[in-house]
A.B. asks: 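Pasting a structure here, questions to come.
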Amino acid sequence: MTRFSQAFLPTLKDAPADAEALSHKLMVRAGLIRQVGAGLWSYLPAGWRVHRKVEAILREEMDSIGCEEMLMPVLQPAEAWEKTGRYGIDELFKLEDRKGAPMVLAMTHEECVTQHVAREVRSYRDLPLMLYHLQTKERDEPRPRAGVLRTREFTMKDAYSFDRDEEGLTRSYELQSEAYARIFDRSGLRWYRVESDVGMMGGSGAHEYMAPCPAGENEVALAPGYAANVEVASAEAQPVDLPTPLDAPERVDTPGLTTVEDVSGALGLPPGALIKAMPIVVEGRGLVLVLLRGDHRLNEIKLRNGMKTDFRQARPEEIEAELGPVGYIGPVGSNLPIIKDAAIVGDSYVCGANEPDAHLRGVDPTRDFESYEMDVRTVEAGDTAAGGGTIEIEPAIEVGNIFKLGTRYSEPLGATYLDESGTEREIVMGSYGIGPARIAAAAIEQGADERGIVWPRPLAPWQVHLVSLAKAGEEERDAADTLYEELRGAGIEVLYDDRDAGTGEKLTDAELLGCPLRIVVGRRGLAEGVVEASERAGGAEHKLPMGEAAAQAQALLQGIDG
RNA sequence: CGGGGAGUGGCGCAGUCUGGUAGCGCACUCGGCUGGGGGCCGAGCGGUCGCAGGUUCAAAUCCUGUCUCCCCGACCA
């Protein structure tokens, strides 16, 4: 299989100084990857073995639900992207060919696959249809980070479903969802499926597959029976003690106190007893006031989705002109449209008075101003989820996602079919993405210990890491050579450390690389006719009689997860 | 895009404040010893100090510009 002495497997004693994330450090140290530029990585042979392990699982599971593999190009004419309105995306790499024709480097393949289907599919008899490929994606990310977790070029398994209607889409979506569950289980990940924002993709529904770990870029709100990306999560806020209600708002002097902390401190009230007013500008509508409890944070995605339109924060001069001094803005007496967060309940709040150095107390949101109620706050740990459980918030890596696209692409690209009655209808689509590199990185993040990687067996670059402690020419080396051949003969993937290196270096590298089973052939064991096997996960040790070592190793591997 | 940090042999770093012609550890090469947790001794190889311009008798060091990389945030199918 692989002899370490011959392999391009450059392990490192120290991680690169600029690496922060655990998977980043370990993948570089273990000789799996090397950096080419910001967000650009090469997979060295060992890393590529892992990547292909993940790919194999993806192919098997896609094939098993009748999703057919194909291959589409990365370099594409810009035309289709103009039609779908995605040509304007900043992350899209744009270029020209030698004739000056506008081209793009695909960031996904909806445009391409939809065009193929639009050209070939005519009849409801051709549907449903599911297609996928494993192909490079190019995205000019504003900030690549954490090794392989967020890169500008990466391989993605992207699948697309084509159905005649929503019910068909729901069936395809469910098939993909079941395949995804098997994929992440087989990859040895701890994972969960969460509701997610449909984002720029549009469409009628979306879920993300999250692998919890500290390096994750996403935050997930979890409670028994509830899981959602914080971007879209909703929950009941923790209650706050409000002061005694008043018959009418009452002015209080708050000279120089412009922040929630300042005012709540000065008045001896919890921050949640304040209402903060955040002016935003909605295109075509002008200023709108968004109200939140003082201890809550605005969730811009929920606000955008709730309003069904984009917005930006108001500039100070716009606020001063329409309302009053920044820091003393409030809803009472304002003529602006007001969106009140749903967590503002009760009848005695403090808010800005729209004049310098003053706030109002005893403000009753239902009595003292008109507003439209909307859930626009970011949920927090400790909130109560719909099922009654308490919300916890955890970072996670997004390892996959599934989208109900609807006709987002079939409409602009003319992907239609004729139904039984001869009526032309738009094809209803779904898209389903998985990043193999993120699966590998997530497996490292979740499994590693202080000594290095601990691969789930299905992802390990080799099943057995055979270490010879002897050097070439010694008797013990012959025993190791023999075992190497026996293991290979048994069809086991084995990395054979036949280097003329120190014991510590070899054993440390074996732990760093994290193959499921390490077998040491050395003087000590051979004296009693055995080789020493140890399981990377859990550390269980076994003495294998020299003659039966290969067979017993095989049996041990079958007992290890996966 | 905003904020912060860093570019000096393959890797990790010192030297920069206070200018004087580049150093340490590891790795690598050769020889020897050693051989169950990155071992020891000896001898070596290897660097236009990111790039460009400027100041100066003299620049890794001072000045100007620029590129790249990393981290935090914004952003993100």
Side-chain angles (χ1 to χ4, degrees), chain A residues 10-21 24-25 28-29 31 34-41 84 86 89-92 106-111 137-147 149-152 154 156-160 196-203 205-209 215 217-218 229 231 300-301 304 312-313 398-405 408-409 429-435 438 451-452 467-477 497 499-512 518 520-527 531-532 534 541:
Chain A
T11 57
L12 262 32
K13 201 186 292 190
D14 299 305
D18 53 20
E20 295 279 326
H24 180 187
K25 291 178 185 172
V28 173
R29 282 190 57 205
R34 284 296 184 268
Q35 185 163 27
V36 174
L40 298 171
W41 293 85
T84 61
R86 293 213 296 174
I89 294 176
D90 289 336
E91 283 71 29
L92 184 66
M107 49 197 300
T108 60
H109 284 76
E110 276 85 2
E111 278 79 2
K137 301 290 178 277
E138 306 284 349
R139 297 181 187 178
D140 197 359
E141 292 286 349
R143 186 156 106 76
R145 62 176 291 273
L149 281 184
R150 180 162 219 88
T151 55
R152 295 196 292 174
F154 61 98
M156 186 181 208
K157 186 286 300 171
D158 41 325
Y160 305 93
S196 72
D197 183 34
V198 294
M200 291 196 53
M201 299 295 298
H207 290 88
E208 289 165 338
Y209 290 79
E217 295 188 277
N218 292 272
N229 194 316
E231 290 176 350
E300 296 192 7
I301 291 169
R304 197 168 280 127
R312 62 172 171 83
Q313 290 193 343
E398 182 188 346
V399 287
N401 54 44
I402 56 179
F403 278 91
K404 288 186 176 178
L405 292 173
R408 165 73 179 81
Y409 292 89
M429 292 176 54
S431 81
Y432 315 90
I434 287 182
R438 284 190 175 179
R451 294 179 164 188
V467 177
S468 167
L469 293 182
K471 66 176 174 184
E474 294 178 356
E475 211 175 303
E476 296 83 7
R477 173 56 66 91
D497 193 346
R499 293 175 298 172
D500 186 13
T503 305
E505 188 174 348
K506 291 181 175 183
L507 298 181
T508 308
D509 273 349
E511 280 148 359
L512 176 61
R518 183 187 76 191
V520 173
V521 181
R523 197 172 283 175
R524 205 165 68 189
L526 288 179
V531 296
E532 295 140 296
S534 64
E541 302 197 3

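To find a chain, count down the sequence lines: A is the first, B the second, and so on, and within it residues start at 1. Every heavy atom of this structure was used, including side-chain atoms; hydrogens, water molecules and symmetry mates were not.
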A.B. asks: Counting the atoms with a prime plus P, OP1 and OP2 as sugar-phosphate, which does A/A501 contact under 4.0 Å by heavy atoms, base, sugar-phosphate, or nothing?
C.D. replies: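 Result for A/A501 = base.
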A.B. asks: Classify the side chain of A/E511 versus the base of B/G38 as yes if they form a donor-acceptor pair under 3.5 Å and no if they do not.
C.D. replies: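 A donor-acceptor contact between them is absent.
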A.B. asks: Considering only side-chain heavy atoms of A/D509, which listed nucleotide, B/G36, B/A74, B/G38, is closest?
C.D. replies: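 Closest nucleotide to the A/D509 side chain: B/G38.
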A.B. asks: Is the backbone of A/T84 close enough, under 3.5 Å, to the side chain of A/R408 for a donor and an acceptor to pair up by distance?
C.D. replies: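 A pair under 3.5 Å: yes.
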A.B. asks: Using Watson-Crick or G-U wobble geometry with both distances below 3.5 Å, tell me the partner of B/A52, or none.
C.D. replies: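 Pairing partner, where one exists within any strand: B/U64.
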A.B. asks: How would you list, by chain and number, every residue that makes a ring-ring contact (aromatic ring centres under 6.0 Å, His included) with A/Y209, sequence neighbours excluded?
C.D. replies: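 Once residues adjacent in sequence are excluded, the partners of A/Y209 under the ring-ring contact (aromatic ring centres under 6.0 Å, His included) criterion are A/Y180, A/F184, A/W191.
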A.B. asks: Between A/R139 and A/P16, which is nearer to the 5' end of RNA chain B once each is assigned its nearest nucleotide?
C.D. replies: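 By nearest-heavy-atom nucleotide position, the 5'-most residue is A/P16.
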A.B. asks: When you compare the side chain of A/M107 with that of A/D140, does any pair of heavy atoms fall below 4.5 Å?
C.D. replies: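 No; the side chains remain at least 4.5 Å from each other.
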A.B. asks: Please state how far atom CZ in A/R518 lies from atom P in B/G36, giving the value in whole angstrom units.
C.D. replies: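 Taking CZ of A/R518 and P of B/G36, I get 14 Å after rounding.
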A.B. asks: Looking at the side chain of A/L469, which of B/G38, B/C75, B/G36 is the nearest nucleotide?
C.D. replies: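 Between B/G38, B/C75, B/G36, the one nearest the side chain of A/L469 would be B/G36.
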A.B. asks: With distance as the sole test, does A/K157 use its side chain to make a donor-acceptor pair with the main-chain N or O of A/Y432 at under 3.5 Å?
C.D. replies: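 Here the side-chain-to-backbone pair exists.
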A.B. asks: Give A/T503 one of three labels, base, sugar-phosphate or nothing, depending on what nucleic acid heavy atoms sit under 4.0 Å from its own.
C.D. replies: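 Sugar-phosphate contact only - A/T503 comes under 4.0 Å of backbone atoms but never of a base.
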A.B. asks: Could you tell me which nucleotide pairs with B/C40 by Watson-Crick or G-U wobble geometry, both distances under 3.5 Å, or answer none if nothing does?
C.D. replies: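 In the structure as shown, B/C40 has B/G32 as its Watson-Crick or wobble partner.
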A.B. asks: Examine distances only and state if a side-chain atom of A/R139 and a backbone atom of A/L92 form a donor-acceptor pair shorter than 3.5 Å.
C.D. replies: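 It does not hold such a pair.
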A.B. asks: Does any N or O donor sit under 3.5 Å from an N or O acceptor when you compare the side chain of A/E505 with the base of B/G37?
C.D. replies: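 Such a pair does not exist between side chain and base.
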A.B. asks: Rounded to whole angstroms, how far apart are NZ on A/K13 and P on B/G37?
C.D. replies: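 Going from NZ in A/K13 over to P in B/G37 covers 15 Å.
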A.B. asks: Looking at A/E511 and A/R518, is any side-chain nitrogen of the basic one under 4.0 Å from a carboxylate oxygen of the acidic one?
C.D. replies: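 Salt bridge flag = yes for A/E511 with A/R518.
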A.B. asks: Compute whether any side-chain donor of one residue and acceptor of the other, for A/T108 and A/D158, lie under 3.5 angstrom apart.
C.D. replies: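 Looking only at side-chain atoms, A/D158 and A/T108 do not form any donor-acceptor pair under 3.5 Å.
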A.B. asks: Can you list everything that forms a side chain to side chain contact (heavy atoms under 4.5 Å, CB included) with A/A106? Sequence neighbours excluded, please.
C.D. replies: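 A/A106 satisfies side chain to side chain contact (heavy atoms under 4.5 Å, CB included) with A/Q76, A/W81, A/H109 only.
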A.B. asks: Find the distance A/E141:CD to B/A74:C1' and express it as a whole number of Å.
C.D. replies: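 In whole Å, B/A74 C1' and A/E141 CD are 13 Å from each other.
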A.B. asks: Rounding to a whole Å, what distance do you find between A/D140:CG and B/C1:C1'?
C.D. replies: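 Distance check: A/D140 CG to B/C1 C1' gives 13 Å.
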A.B. asks: What is the base-pairing partner of B/A14, counting Watson-Crick and G-U wobble geometry with both distances under 3.5 Å?
C.D. replies: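 Checking every strand shown, B/A14 finds no partner, since no pair has both distances under 3.5 Å.
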A.B. asks: Just by protein heavy atoms under 4.0 Å, how would nucleotides 66-72 of chain B read 5' to 3' in B, S and -?
C.D. replies: ---SSBB
A.B. asks: With a 3.5 Å limit on both atom pairs, tell me what B/C69 is paired to, counting Watson-Crick and G-U wobble, or say none.
C.D. replies: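 Check on B/C69: paired to B/G5, both distances under 3.5 Å.
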A.B. asks: Using whole Å, report how far CG of A/L507 lies from P of B/G38.
C.D. replies: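 So the CG-P distance, A/L507 to B/G38, works out to 10 Å.
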A.B. asks: In the structure shown, which nucleotide is the Watson-Crick or G-U wobble counterpart of B/A74, with both distances under 3.5 Å?
C.D. replies: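 Matched B/A74 with nothing under the 3.5 Å cut-off.
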A.B. asks: With a 4.0 Å cut-off on heavy atoms, is A/G502 in touch with a base, just the backbone sugar-phosphate, or nothing at all?
C.D. replies: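 Counting heavy atoms under 4.0 Å across all strands, no contact is made by A/G502.
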A.B. asks: Which residue lies toward the 5' end of RNA chain B, A/D500 or A/E217, if each is placed at its nearest nucleotide?
C.D. replies: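 The 5'-side residue here is A/D500.
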A.B. asks: Please give, in whole Å, the distance from B/U34 C1' to A/K506 NZ?
C.D. replies: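 Roughly 14 Å, once rounded to whole Å.
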